Amino acid sequence: MTAFRLPSGGRIDRGRTLRFRFDGRSYTGYPGDTLASALLANGVHLMGRSFKYHRPRGPVSAGAEEPNALVAVGAGARHTPNLRATQVELYDGLSATSQNRWPSLAFDAGAAGGLLAPLLGAGFYYKTFMAPGGAWHRLYEPAIRRAAGLGTVPGGPDPDTYTQRYAHCDVLVVGAGPAGLAAALAASANGARVFLVDEQAECGGGLLAEPEALIEGKAAAAWLAEALAALAARPGVTILPRTTAFGCFAQNFVGLAERLTDHLAAPLPGLARERLWKLRAGRVVLATGAIERPLVFAANDRPGIMLAGAARGYLARWAVKPGTRAVLAVADDSGYAAARDLARAGVAIAAIAELRPHVACETFGLPVRPATAVVGSIGRLRVAAADLRPIGGDSVGGGGVERVPCDLLLMAGGWTPSLHLFSQARGKPVFDAARAMYLPGEHRPGEAPDGLASAGACRGVFGLAACLEDGYAAGEARGGPATGRRFAVSGDLPPAGGFEGLVPGSPARKAFVDFQNDVQAADITQAVREGFRSIEHVKRYTTTGMATDQGKTSNINALAIAAGALGRPMPAVGLTTFRMPYTPVTFGSFAGHARGELFEPVRRTPMHAWAQARGAVFEDVGQWQRAHHFPAPGEAAADAVARECRAVRQRAGLFDASTLGKIEVVGPDAAAFLDRLYTNSWARLAPGRCRYGLMLNEAGFVMDDGVVGRLAADRFHVTTTSSGAAAVLHHMEDYLQTEFSDLRCWLTSVTEQWAVIAVQGPRARAIVAPLVEGVDLAAFAHMSVAECRVAGFPARLFRVSFTGELGFEINVPAGHGQAVWEAVWAQGKAHGLEPYGTEAMHVLRAEKGYIVVGQDTDGTVTPDDLGLSWAIGKAKPDFVGRRSLTRPDMLAEGRMQLVGLLTDAASAPLEEGAQITAAPPRTGMAAIGHVTSAYRSATLGRPIALALLADGRARIGQTVHIPMPGGSLAATVAGPVFHDPEGARLDG
Amino acid sequence: MLLIRCPVCAMDRPELEFRHAGQAHVARPADPGAVDDAAWAAYLYLRDNPKGVVAERWRHVHGCGRFFNALRHTVSDRILATYPAGASRPEVAP
Ligand SMILES: [Zn+2]
């Protein structure tokens, strides 16, 4: 038996002893313990150091709101930092460490001199580091990084798996305390599908710490067990403990984080660590309870100072005495329930400092001092005494301070309803001035969260009977008769009263408001003195409420102190916004299975395996994996690309173009539709012919291009860029469905249906001809298309070129792609055919000045900027983007135009994206353009580049300058076509 | 995640199936050539940004593929009505 464990009671399993380590020391506990309860049972209150000042801290709460007792659990890749010791469930072999201390928790060098303390007051982020120049990087940042901060990151990639699940239910009840249980009982009475979720390992909420209360004649614990058994027996009910409703979104969409294995010493291998539920509920009952408020007085942060309700919880749930001699600072009736329970467990009650002048509730014969404030404490690693001061009738601090020795100092400052989920669902909190608390408000019609109700303490309803009745009424089906169900309760002591702000008579220094971010009352009043008026600004300036606990215990006190300093009522200062998640959720939960190979879909072409077997080096192009080059054994990438380019120019190359976007446009008005969507004219394109199509957006800028083949009067095979396929289809559908809905045509994405095998080079015809049936290739002119057979398979054969050489693109059904590819490969061997990848494709097209949309264009480029005015059907009255081409800016001088750049033949290729200047670059000089494409051309034996250059065509022949790593390079502006400008090679 | 009623499928479906497509009821001029530069620029670029109810276009891109219109309240994010493209904006209580 550990020193502070009571001999009996508690909701722990004393039949089994668990061993665990904290900061290297061994302790024991029981199943059912949290790390915090087990440490307290061993007399350990010191569990962490504070964020800025490294002050010793112990647990202030027993739950999710814990700001102090943050620990790291596990080692290596499973090291998890910043866990609240009050929520970490104990298991055999657990190993935890404290954080933010050096060299040890008991002796911390950072705290010893408070070396940085003068630097770290309100607004320190903004003030301390303004000057002198460079001091931030050299001095402040390294010092602050060492001193401040939370835990450390895990030592490797997360080895666990995480799972996700969608679910639907009629009623979701969040919180399994008295209100939530009653709501679930009512909601499920007629067979509805009900989810009841609770963040704790055990359902029951406040019922777990009510040793004296009787509900309908039964002990609270017995009533709880019966209620849970009744719910579990109903087939529509799902009860999820260890599940945090962390986010509440529109239309009752709620995110639930369920922890599956963190409480197990040896989880089954392969079991997911967490499950993220994406739950859509018909309606939601929020029964999220209330959080007790600390009192703000000087040195209110020592280990051994905690919330009164938390002390009650440690006694009742874990049979732990959190101290031997207690002083209570009380402003709320519920403090007396704690005092009563402590006294009955044998804790000496040294004094109860009651802030209020009179107490209306029962005080159990305990030593109450009305109108008395706790204004300070002493102690080093544990509280040793509380300073009590009577509150003067006419002035603050109207009496002497009495120092009362204690090892436990409890704060009962009143309760703050938990509005987090209500507010996330866009509910509007309203201020109840009489009780100084924000409550869920009414809604304007049309803005109300649908079917979302709050019940119990989270809407300011306190006391067991009231919570049970409120919850039951909230759970009952809408539209049916309300039963007005009553619950007979005795022996509970409902909260009433409360205090917010700095305790009268206490100094504001070292009076902590936000424990986790080390914000003192003095910081907030200083922020107001410096001119901050809105709580949103005070919050950011002081960082109050901005720690990982999001100010669960601090926000109301911070508001009250700011309001007091401003001399305004609390609601006039505003309320900071509640954001999801309620408590931190792991990245693993959100990622789920979407990691590693499953991070994003991978698209592979039908010929992928062939390229892989040939040793191709692949690149990711969007979701596609494409062969970048095909190196021979030991061959460098640049050499492989040069070799592939020479093969295409001298003999023939084989290229996998399957990723090209393909859209079939079919219908009597197909040509009319394309006339409106592309700049070109299509009406007179004969079946069997192709044309280069240029697509603009309505603003007149180039958005895509590609070859379009007319297969029949009413059927077009449209190709798009690989990356633009989905956007082009969306754009086409948009106009077809909305603006041009009178046209009779239909669009089908056929990208995945066709494998595309490009054969390019002077020998291309000789290679392809023996495989083709049904087309006379001698009469098959450039820019033709035919439906035929290739290597025995049905095919659409295009004669097109993206290299400037004689070329064919063989489209065959994807399932036959590999077979046809291999047939072409076999046929090409005698002709010196070589496969080439995307890099050679890019070099070859750049030598010809063919643009790549998205590389040589950026959404601000017109057809004329690219020198593509010839692609505009001048006779057409209208097409998408046409009107915009005559807007003044589109015709103005100084537009960026596509040009070529030629640097010295021996120089390295320019960097894509590099800026261009008119004179050798120096600081302050404006760029007149940028490089869009740059390669080393094996064919020309020199580097080439394409660029967008202001008034580029007028600068042809001039010299421009490009800053590059290692100095600027001069380049001569040229036309964008570097090779075979007459196009003589297209015929082989 | 919003639940959106596709008026074509006549089903409430999750937002993941849809793609937003900008303000609704911005009709393309029948004869763009007859529109002056200022009016054309307004057609291209000027959009409403009210605090309140907006009419906007959505596409059931991973469903039926159809574009339709929706009335959405920009404060509550509630979608108050959905209706086919081309239909006039319905009256709803704000
Ligand atoms: Zn649909």
Side-chain angles (χ1 to χ4, degrees), chain A residues 166 168 247 249-255 278-282 425-428 443-450 452 676 697-701 726-727 729-742 746-749 876-891, chain B residues 1-5 8 12-16 19-22 24-45 51-53 57-62 64-69 71-81 84-87 92-94:
Chain A
Y166 285 93
H168 298 261
F249 308 94
Q251 296 163 303
N252 295 343
F253 187 67
V254 182
K278 304 176 189 182
L279 183 72
R280 180 81 66 177
R426 312 215 179 182
K428 292 276 180 295
H443 298 277
R444 281 174 286 181
E447 295 186 10
D450 283 315
L452 182 131
R676 298 197 200 176
N697 61 22
E698 195 69 275
F701 300 119
L729 182 62
H730 181 78
H731 175 79
M732 286 182 167
E733 281 287 354
D734 191 349
Y735 279 93
L736 182 59
Q737 290 183 31
T738 61
E739 298 297 350
F740 308 142
S741 57
D742 55 316
W746 292 268
L747 312 172
T748 309
S749 166
K876 291 202 293 181
D878 187 21
F879 56 82
V880 173
R882 182 187 173 109
R883 171 65 184 84
S884 295
L885 295 178
T886 53
R887 294 185 62 223
D889 280 358
M890 304 295 233
L891 303 170
Chain B
M1 179 161 48
L2 297 175
L3 211 52
I4 299 172
R5 185 164 192 82
V8 181
D12 293 331
R13 307 295 303 169
E15 190 181 343
L16 284 175
R19 176 177 166 171
H20 186 262
H25 305 298
V26 182
R28 189 174 190 269
D31 181 5
V35 178
D36 69 32
D37 283 336
W40 186 255
Y43 161 70
L44 287 180
Y45 296 117
K51 181 177 181 178
V53 179
R57 306 188 321 131
W58 286 80
R59 184 181 178 210
H60 196 185
V61 63
H62 299 301
C64 63
R66 305 301 293 176
F67 284 81
F68 61 90
N69 295 334
L71 297 183
R72 184 174 60 89
H73 198 291
T74 56
V75 175
S76 66
D77 231 11
R78 270 164 52 105
I79 290 184
L80 307 172
V92 294

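Proteins get letters first, then strands, A, B, ... in listed order; numbering begins at 1 in each. All figures in this text were calculated on a predicted structure; none of them were measured in a lab.
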**Asked** Going through the checks in order, is the side chain to side chain contact (heavy atoms under 4.5 Å, CB included) test met by B/D12 and A/Q251?
**Response** CA-CA 11 Å; B/D12 293 331; A/Q251 296 163 303; over 6 Å; no
**Request:** Please report the shortest heavy-atom distance between A/R426 and B/V75, naming the atom on each side.
**Result:** NH1-O, 2.7 Å
**Prompt:** Looking only at heavy atoms, which two atoms of B/F67 and A/T738 are closest? And how far apart?
**Reply:**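 Distance-wise, the nearest heavy atoms are CB-CG2, 4.2 Å.
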Heavy-atom cut-off 4.5 Å, strictly under: side chain, backbone, both or neither for [X] against chain B?
X	answer
A/E739	side chain
A/N697	neither
A/F740	side chain

**Message:** Can you tell me how far apart CZ (A/F253) and CG (B/L2) are? Round to the nearest 0.5 Å.
**Reply:**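 Result: 10.0 Å between the selected atoms.
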**Message:** I need the B/F68 CZ to A/Q737 CD distance, nearest 0.5 Å.
**Reply:** 11.0 Å
**Message:** Treating A/R280 as the side-chain partner and B/M1 as the backbone partner, does any N or O pair qualify as donor plus acceptor under 3.5 Å?
**Reply:** yes
**Request:** Check each atom of B/R66 against the heavy atoms of chain A and say whether the ones under 4.5 Å are side chain, backbone, both or neither.
**Result:** both
**Segment of B/D36 engaging chain A (4.5 angstrom heavy-atom cut-off)** = backbone
**Asked** Which residues satisfy the side chain to side chain contact (heavy atoms under 4.5 Å, CB included) test with B/A81, sequence neighbours excluded?
**Response**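 Checked B/A81 against side chain to side chain contact (heavy atoms under 4.5 Å, CB included); matches are B/L71, B/P90, B/V92.
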**Request:** Go through A/P888, A/S884, A/A250 and name the one with the most non-hydrogen pairs under 4.5 angstrom from chain B.
**Result:**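 The option with the most such pairs is A/S884.
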**Message:** Looking at A/R883 and B/D37, is there a salt bridge between them, counting it only when a charged N and a carboxylate O are closer than 4.0 Å?
**Reply:**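 Salt bridge flag = yes for A/R883 with B/D37.
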**Request:** Inspect the surroundings of CG in B/D77 and state if more than 12 heavy atoms from other residues, nucleotides or ligands are less than 6.0 Å away.
**Result:** yes
**Message:** A/D878: which residues meet the side-chain hydrogen bond (donor to acceptor under 3.5 Å, both in side chains) condition with it, sequence neighbours left out?
**Reply:**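 Here the qualifying residues are B/R28.
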